[in-house]
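Numbering of ligands and ligand atoms starts at 1, following listing order.
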Amino acid sequence: MRDLLPPTVVVVEAGPPDWVGDLLPEEAAGLGERAVESRRRDFTAGRVCARRAMAALGMPAAPLVAAGDRSPVWPAGVVGTITHTRGYCAAAVARRTEVRSVGMDAERHKELSPGVRRLILRPEEEERLARLPGGVGWPVVVFSAKETVYKVWHPVVGSWLDFQDAAVDLDPDAGTFTARINPERVAAAAVADPPSVVTGRFVVAGDLVRTAAVLPLR
Ligand SMILES: CC(C)(COP(=O)(O)OP(=O)(O)OC[C@H]1O[C@@H](n2cnc3c(N)ncnc32)[C@H](O)[C@@H]1OP(=O)(O)O)[C@@H](O)C(=O)NCCC(=O)NCCS
């Protein structure tokens, strides 16, 4: 993930002890006592990585609680993002004075079923993917890019984006993506200067697909 984001963003990937690290009391209360083991491990690794990233940024330790919609409530002055997928977790943070929003997502590199593809991909995206070189599961790369786009969009705009609300173009040689947001969603956004295009980077390595993007300051 480090290579996918600019140096203004601190990125921390989880090591083995982080999955069973300590939660702050407010975080533990938010997770709840009945969380299943896998959810407890993912949530813990995300919080431990986020705390280490905020410390690297020089921010005081603060609990990272979740809003009602489960999005993380970053401390004042901080923008950040968390992702976890079986056995991999990372958190990234930046100062709000340097970055407007940051998002990242990790997925296992796998085929998507035709039904999932229909939900995730727009027809013109399917056409473009058919022209890309073989050997990579491009649909899951687009899926991950769209989740990254949502993680960038939601903290800024506060509204929902469907998978069909972004049209993603991949550049396999550059390892970059460009996501154009449905103009109706942009026009309906209740914030000044909502993002209409999100550009980011991706990498497919081993069995992991990783995507990340920042929204620069206005
Ligand atoms: C929120 C969402 C993107 C998370 O992605 P995911 O692949 O399921 O899971 P990841 O492990 O990568 O990310 C989970 C983390 O995302 C963060 N997150 C949750 N909701 C979020 C939101 N609304 N905005 C930003 N970050 C959010 C949380 O930190 C969460 O981890 P935590 O619960 O341990 O704190 C996904 O569940 C979702 O709702 N997608 C539908 C919306 C969408 O992606 N639309 C596409 C628009 S183009």
>> Using a 4.5 Å cut-off between side-chain heavy atoms of Ile, Leu, Val, Met, Phe, Trp and Tyr, which other residues end up in the same hydrophobic cluster as Leu31?
In response: Leu23, Phe43
> Using the ring of each side chain (for Trp, its six-membered ring), is Phe202 parallel, tilted or perpendicular to Trp138, with breaks at 30° and 60°?
Replying inline: perpendicular
> Tell me, which pairs form a salt bridge (charged side-chain N to carboxylate O under 4.0 Å, His left out) where one or both residues lie in residues 182-197, sequence neighbours left out?
Replying inline: Asp165-Arg185
> If you take all heavy atoms of Pro195 and Val156, which pair is closest and at what distance?
Replying inline: CD-CG1, 4.4 Å
>> Looking at Glu107 and Arg86, is any side-chain nitrogen of the basic one under 4.0 Å from a carboxylate oxygen of the acidic one?
In response: no
> Name the residues with a heavy atom less than 4.0 Å from ligand 1?
Replying inline: Arg39, Phe43, Arg47, Arg70, Ser71, Pro72, Ile82, Thr83, His84, Asp105, Glu107, Lys146, Glu147, Tyr150, Lys151, His154, Trp160, Leu161, Asp162, Phe163, Ala166
>> Suppose we screen for side chain to side chain contact (heavy atoms under 4.5 Å, CB included). Which residues come up paired with Arg201, at least two apart in sequence or across chains?
In response: Leu4, Thr176
